[in-house]
**Student:** 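Please read through the structure below; I'll follow up with questions.
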Amino acid sequence: MAEASGTARDPEAVSRFVEHFAAQLVEAGLARMPARVFAALLASDAGVLTSAELGEQLKISPAAVSGAVRYLSQVHMVSREREPGSRRERYRVHGDQWYEALTNREAIIKRWEDALREGVISLGAHTPAGRRLEETLAFFEFVEKEVETMMDRWRAHREKRFGRG
C-alpha cells in the first residue's frame with residue numbers, strides 16, 4: 001500500500017495498528033465499527049478515505065461504512081466532503097478531532113447539569129438521593145471547568161510544539 005505521500009507501507013502493519021487502536025477505542029466505549037473506521041482514517045497519511053477505500057481496507061460492507069461514518073460525523077470525529085469533480089463522498093479526520101469531540105461534549109454536560117439541578121430540587125437537597133445528585137452535579141461542574149482550562153493549555157502546547165493555533 002502506498003499512501004499519497006509516496007511512502008511505502010506494510011498493509012499488515014497498518015491493519016494491525018488499526019485493529020489494535022480500534023480495540024482500545026471499543027474498550028473506552030466506542031462502538032466497534034465506528035472505532036475501526038476512525039482508526040483507519042487516522043492511520044491514513046492524507047486523513048481522507050472514500051467509502052470504497054474504507055470498505056476494502058476494513059473488509060466491511062458499504063452499509064457498515066455508512067453507519068459508522070454517520071455516527072462519527074454526529075460526534076464530530078470525522079467530516080464528510082465531496083471528492084473534487086465527483087459525486088463520491090470522502091471522509092476526513094482532522095488533526096483537532098480529539099479536542100473537538102471532547103469540547104462538543106460540553107453541551108451534553110450542560111444538559112446533564114440542568115437535569116441534575118432539577119433532580120436535587122425535586123428529590124430535596126437534604127435527602128440521601130438529593131445529596132448524591134448534588135455531588136454528581138458538583139463533579140460535572142468541576143469537570144467542565146477543568147476541561148476548559150485544559151483545552152487552553154493544550155492550544156498553547158500545540159502552538160509551541162507544532163507551530164499552529
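Note that the coordinates shown come from a computational prediction; the quantities given were computed from them, not determined experimentally.
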**Student:** Determine the minimum heavy-atom distance between V69 and V37, stating which atoms define it.
**Tutor:**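 That would be CG2-CG1, 4.1 Å.
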
**Student:** Is there a donor-acceptor contact under 3.5 Å from the side chain of E53 to the main chain of T50?
**Tutor:**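 Side chain of E53 to backbone of T50, a donor-acceptor pair under 3.5 Å: yes, one is there.
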
**Student:** To the nearest 0.5 Å, tell me how far S73 OG sits from R92 CZ.
**Tutor:**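 It comes to 13.0 Å.
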
**Student:** Where is the tightest heavy-atom contact between G130 and T127, given as atom of each residue plus distance?
**Tutor:**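 Closest heavy-atom pair between G130 and T127: N-OG1, 2.9 Å.
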
**Student:** For the atom pair CE (M150) and CD (E148), what is the distance rounded to the nearest 0.5 Å?
**Tutor:**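 One finds 11.0 Å between CE of M150 and CD of E148.
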
**Student:** Below 4.5 Å, heavy atoms only, C-beta onward: do D45 and R9 meet side chain to side chain?
**Tutor:**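 Touching, per the 4.5 Å side-chain cut-off.
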
**Student:** With the 4.5 Å side-chain cut-off for hydrophobic clustering, are I109 and L116 part of the same group?
**Tutor:**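 Yes; tracing contacts between hydrophobic side chains, which count when under 4.5 Å, links both residues.
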
**Student:** Using modelled atom types and a 3.5 Å cut-off, is there a donor and acceptor pairing between side-chain atoms of S66 and backbone atoms of P62?
**Tutor:**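 No; zero donor-acceptor contacts below 3.5 Å.
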
**Student:** Check the pair V78, L41 against side chain to side chain contact (heavy atoms under 4.5 Å, CB included), reporting the backbone distance first and the verdict last.
**Tutor:** CA-CA 9 Å; V78 302; L41 285 166; 3.5 Å; yes

**Student:** Find out if a path of hydrophobic residues (ILVMFWY) with successive side-chain heavy-atom gaps under 4.5 Å connects L137 to W112.
**Tutor:**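 Yes, because L137 and W112 connect within a single hydrophobic cluster, where side-chain heavy atoms sit under 4.5 Å apart.
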
**Student:** Could you list the donor-acceptor pairs under 3.5 angstrom formed by side chains in residues 16-34, with sequence neighbours left out?
**Tutor:**
unit_1, atom_1, unit_2, atom_2, d
E19, OE1, R36, NE, 3.1
E19, OE2, R36, NE, 2.9
E19, OE2, R36, NH2, 2.8

**Student:** How close do V65 and S51 get, counting heavy atoms only, and between which atoms?
**Tutor:**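 Minimum heavy-atom separation between V65 and S51: CG1-OG, 3.5 Å.
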
**Student:** Between E144 and K110, does any side-chain N to carboxylate O distance fall below 4.0 Å?
**Tutor:**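 Yes, E144 and K110 are salt-bridged.
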
**Student:** Got a donor-acceptor contact below 3.5 angstrom from the T136 side chain to the R132 backbone?
**Tutor:**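 Side chain of T136 to backbone of R132: a pair is present.
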
**Student:** Does a side-chain heavy-atom distance below 4.5 Å link E135 with F139?
**Tutor:**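 Not touching, per the 4.5 Å side-chain cut-off.
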
**Student:** Roughly how far apart are R131 CZ and L133 CG, rounded to 0.5 Å?
**Tutor:**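 The CZ atom of R131 sits 11.0 Å away from the CG atom of L133.
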
**Student:** Are the side chains of E134 and H126 in touch, meaning some heavy atoms are under 4.5 Å apart?
**Tutor:**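 No - every pair of side-chain heavy atoms lies 4.5 Å or more apart.
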
**Student:** L49, Y71: one ILVMFWY side-chain cluster at the under-4.5 Å cut-off?
**Tutor:**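 Yes; Y71 is reachable from L49 via cluster members.
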
**Student:** If I compare all heavy atoms of Q57 with all of V14, which pair ends up nearest, and what's the gap?
**Tutor:**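 Closest approach of Q57 to V14, heavy atoms only: NE2-CG1, 3.9 Å.
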
**Student:** Let's go through E118 and E113 carefully: what are the C-alpha distance in whole Å and the side-chain angles of both, what is the deciding distance for side chain to side chain contact (heavy atoms under 4.5 Å, CB included) to 0.1 Å, and is it a yes or a no?
**Tutor:** CA-CA 9 Å; E118 286 178 28; E113 289 173 358; over 6 Å; no

**Student:** Closest approach of V93 and F38, non-hydrogen atoms and distance?
**Tutor:**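 For V93 and F38, the tightest heavy-atom pair comes out as CG2-CE1, 3.5 Å.
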
**Student:** Of all the heavy-atom pairs spanning R82 and R90, show the shortest one and how long it is.
**Tutor:**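 So the two residues come closest at O-NE, 4.1 Å.
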
**Student:** Check the pair L54 / I60 against side chain to side chain contact (heavy atoms under 4.5 Å, CB included), numbers first and verdict last.
**Tutor:** CA-CA 8 Å; L54 284 163; I60 58 176; 5.6 Å; no

**Student:** If the threshold is 4.0 Å, N to carboxylate O, is there a salt bridge linking R117 and D114?
**Tutor:**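 Salt bridge between R117 and D114, a charged N being under 4.0 Å from a carboxylate O: yes.
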
